[in-house]
Structures are given as structure tokens and as C-alpha cells.
Chemist: 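Below is a structure I'd like to ask you about.
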Amino acid sequence: MKLAACLSSALMIIASATTAAAAEQCRFIEPRSEREACYKRQDAERTARQKTDEAKQAQQKPYEPVSQEDALLAKSLRSICRGC
């Protein structure tokens, strides 16, 4: 069981390292046109990722500190005499 956990964590580390390395490959491309095309692809991927992140955040229900039902409950509890 421990071996499987170690192997899975090692694979995750390797996978994250390869994705980070893939992002920096553009600067090592010699021809300018290919390098600029690589940067444009990365920019398009980043904007797509940002749009999906914004869409996910928009779908989440905003935090409502006090809803109408909570306010009515609090009002009814305040009317109970404490310590009478």
C-alpha cells in the first residue's frame, strides 16, 4: 500500500514538472516566427483557462451573509425573554 502511494506521488511530481517545462520551451526556439507562434498558442491556452476559471466562479452561488429566513429566525429568537 505504501509502495503504491509513493509511486502515485512520484508520478504526480513528474507530470507537474513536465507541464512546467513545456511552458518554457518557446524561449529556446531559434526561428523567430516559430517562437512567436509558440507564444501565441500559449497565450490562447492561458486565456481559455482563465475564461473557464471565471465561468466556474460565476456559477458558484455568491455568499449571502443573512438571508431573509435567517433574519426572521433571529427576530423571533430575540423576542424570547431570557432570564425572566
Side-chain angles (χ1 to χ4, degrees):
M1 188 64 131
K2 290 181 182 180
L3 179 63
C6 289
L7 288 175
S8 65
S9 63
L11 287 174
M12 288 190 303
I13 291 171
I14 291 171
S16 65
T18 57
T19 57
E24 295 187 17
Q25 288 181 354
C26 291
R27 68 180 180 171
F28 297 114
I29 297 175
E30 291 291 324
R32 183 177 180 177
S33 61
E34 291 179 19
R35 185 173 57 243
E36 288 177 354
C38 181
Y39 285 136
K40 287 181 183 178
R41 283 192 305 270
Q42 284 183 351
D43 188 40
E45 291 172 0
R46 185 178 64 245
T47 54
R49 223 179 13 251
Q50 287 174 348
K51 286 181 182 178
T52 57
D53 290 343
E54 290 173 1
K56 286 180 185 177
Q57 288 178 353
Q59 290 176 351
Q60 293 176 350
K61 186 176 180 182
Y63 177 69
E64 298 177 9
V66 179
S67 67
Q68 186 176 11
E69 293 177 8
D70 290 340
L72 290 173
L73 179 63
K75 186 177 179 181
S76 67
L77 289 176
R78 276 189 234 122
S79 66
I80 297 174
C81 181
R82 298 180 191 175
C84 293

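Please read all numbers here as calculations on a predicted model, not as lab measurements. We number each residue from 1, following the sequence as shown.
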Chemist: Should we say atom CD of Q50 is surrounded by more than 12 heavy atoms from elsewhere, each under 6.0 Å from it?
Modeler: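 For Q50, atom CD is crowded (more than 12 foreign heavy atoms under 6.0 Å).
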Chemist: With no hydrogens and no angle check, is any side-chain donor or acceptor of R35 less than 3.5 Å from a backbone partner on F28?
Modeler: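 Not a single qualifying donor-acceptor pair exists.
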Chemist: Which is it for Q42 and C26 under the side chain to side chain contact (heavy atoms under 4.5 Å, CB included) test, yes or no, and what are the steps along the way?
Modeler: CA-CA 9 Å; Q42 284 183 351; C26 291; 3.4 Å; yes
Chemist: Can you list the residues that meet the side-chain hydrogen bond (donor to acceptor under 3.5 Å, both in side chains) rule with E36, with sequence neighbours excluded?
Modeler: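 R32.
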Chemist: With sequence neighbours left out, write down each residue that passes side-chain hydrogen bond (donor to acceptor under 3.5 Å, both in side chains) with D53, or none if nothing qualifies.
Modeler: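 For D53 there are no side-chain hydrogen bond (donor to acceptor under 3.5 Å, both in side chains) partners, ignoring immediate neighbours.
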Chemist: Please enumerate all residues that pass side-chain hydrogen bond (donor to acceptor under 3.5 Å, both in side chains) together with R46, with sequence neighbours excluded.
Modeler: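 Here the qualifying residues are D43.
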Chemist: Please enumerate all residues that pass side chain to side chain contact (heavy atoms under 4.5 Å, CB included) together with L73, with sequence neighbours excluded.
Modeler: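 With sequence neighbours excluded, L73 shows a side chain to side chain contact (heavy atoms under 4.5 Å, CB included) to S76, L77, given in chain and number order.
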